[in-house]
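As the structure is a prediction and not an experimental result, all values here were calculated from the model.
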Amino acid sequence: MIKDITITNFKSITETSLSLGNVNVFIGANGSGKSNILEAVAMVASERSLQIEVKDMIQKGVRIAKPELMISSFYGQRANEKIGLRILSSIGSAVNYNIWNNNPNDIYATWNCTLSSLAKSDVSSTEMNEKYVALQKYISQYLIYSLSVNALRGFVSDSLQYPLGINGEGLDVLLNNLPKEEILQIKETAAGCISWIEDVFFDTEEIYKMQGYKLGRSKSNLYFRDKFMQKKNNLFSAENANEGALELIFYLTLFISKKTPDFFAIDNIENGLNPRLCRFLMKTISDLAVKNGKQVLITTHNPAILDGLNLNDDNQRLYVVKRNDEGQTSAKCVRMKSQTEENHMMLSEMWMKGLIGGIPDNF
């Protein structure tokens, strides 16, 4: 697992350091640089043979611009030439990335990269090398999920990421290939979150498609049963499903399945979800992340997400991201003081009142 990350000279970030747990939530005003933090990690996760290709960054979820725009450059300051990331693992291994581009005006140009490890005097070179390789492998699986309703419903199915695409592609195929115990856990948790869900299943033979339960535009074979409807007419497809139910199933699958990455990010997790469901989802995935060895970076604009966090648990971290008067992004970890019953205040209320930052202050 990643313990610490230091990012330098990436987009709006001149330098910021993060100390991570299993679940790490980032809040801040629009354009404060939350997604830039996620993308900096995705950039180094795209490294292959000391090069970073544009197509690989796109597949990881990075928004691409000309190289000169992806390296920090602020008014009145000397322009930087290299992006840097230092990543330290929980087992003591570390990797330093230095990244530059020889064609700063060419949006398609390949980036160059050098890597170095941090050696410890009390560890053998063989053991250190094994830890270094393991850390690189751990980083390489990282990608940024940003869900699209059309992808979840099966209208968009092309993806170069498996088993799940970064927009939600492939959910039905993965679910159909999970062990029974994982499927059961997903179904039971989903039914506990959304009252009408009786069952989630797959029509691999496309029998229901031929019977007219969907138009056939969707390639998804995922179906739901509604327990409140008549038995003869309580079936509907992902093509017609509520987006919140699809997103919930996706997130549960992501955190429960052993086939999904151990290290990843979710950009704007709250899309399509009721605030109270957001709170319950955060509590659920925080438990699942520890149980199943997952580590995630999450951005949100929904205060209800914060109420699902327990900041007294060191596995859960909250960062407030902001840009200073010069436009540079920084991230500050929120620490909670003990509260009595009389002065207890929800994190969502603290956020909305401006007590922890992370909200616009120019209007």
query = Which heavy-atom pair separates Ala94 from Leu88 by the least distance, and what is that distance?
reply =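 Heavy atoms only, the tightest pair is CB-CD1, 3.8 Å.
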
Is there a side-chain contact between [X] and [Y] (heavy atoms, below 4.5 Å)?
X	Y	result
Met282	Ile298	yes
Asn9	Lys82	no
Pro104	Lys66	no
Leu254	Lys294	no
Ile27	Leu306	yes
Leu297	Leu20	yes
Trp111	Pro67	yes
Asn177	Val173	yes

Neighbour count above 12 (heavy atom, 6.0 Å) for [X] [atom1]:
X	atom1	value
Met352	CE	no
Gln230	CD	no
Phe74	CZ	yes
Lys322	NZ	no
Glu81	CD	no
Arg276	CZ	no
Lys187	NZ	yes

message = Do Leu184 and Ile197 sit in one hydrophobic cluster, given that two such residues count as connected whenever their side-chain heavy atoms are within less than 4.5 Å of each other, even indirectly?
response =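 Looking at the clustering, Ile197 is in a separate group from Leu184.
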
task = Treating Ile, Leu, Val, Met, Phe, Trp and Tyr as nodes and any side-chain heavy-atom pair under 4.5 angstrom as an edge, say whether Ile356 and Ile359 lie in one connected cluster.
result = yes

task = Apply ring-ring contact (aromatic ring centres under 6.0 Å, His included) to Tyr223 and Tyr208, showing your working.
result = CA-CA 9 Å; Tyr223 282 80; Tyr208 293 112; 5.6 Å; yes

task = Would you please classify the geometry between the Phe263 ring and the Tyr142 ring as parallel, tilted or perpendicular, with 30° and 60° separating the classes?
result = tilted

query = Do the ring planes of Phe224 and Phe236 sit parallel (below 30°), tilted (30 to 60°) or perpendicular (above 60°)?
reply = parallel

request  = Determine, stepwise, if the pair Arg48 / Glu53 fulfils salt bridge (charged side-chain N to carboxylate O under 4.0 Å, His left out).
outcome  = CA-CA 8 Å; Arg48 303 288 183 274; Glu53 301 285 351; over 6 Å; no

Taking atom types as modelled and ignoring hydrogens, do the side chains of [X] and [Y] form a donor-acceptor contact shorter than 3.5 angstrom?
X	Y	value
Ser237	Lys209	no
Thr16	Ser330	no
Thr110	Gln51	no
Ser72	Asn80	no
Arg279	Asn274	no

message = If the threshold is 4.0 Å, N to carboxylate O, is there a salt bridge linking Glu198 and Lys231?
response = yes

key: Gln59 backbone acceptor or donor facing Gln161 side chain under 3.5 Å   = yes

Whether Asp307 side chain and Leu347 backbone form a donor-acceptor pair below 3.5 Å =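 Flag set: sc Asp307 to bb Leu347 pair under 3.5 Å.
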
ask   = In a check of side-chain contact (heavy atoms from CB on, under 4.5 Å) between Met70 and each of Val62, Asn101, Asn36, which one passes?
value = Val62

Member of Thr253, Leu252, Leu288, Leu178 meeting the side-chain contact (heavy atoms from CB on, under 4.5 Å) criterion with Gln185 = Leu288

message = Under the criterion side chain to side chain contact (heavy atoms under 4.5 Å, CB included), I'd like the reasoning laid out for Tyr162 against Lys259: C-alpha separation, chi angles, the key distance, then a yes or no.
response = CA-CA 9 Å; Tyr162 295 92; Lys259 298 179 184 293; over 6 Å; no

task = Take Asn234 and Arg225, measure what side chain to side chain donor-acceptor pair (under 3.5 Å) needs, and give me the verdict at the end.
result = CA-CA 5 Å; Asn234 69 346; Arg225 289 193 186 277; 3.1 Å; yes

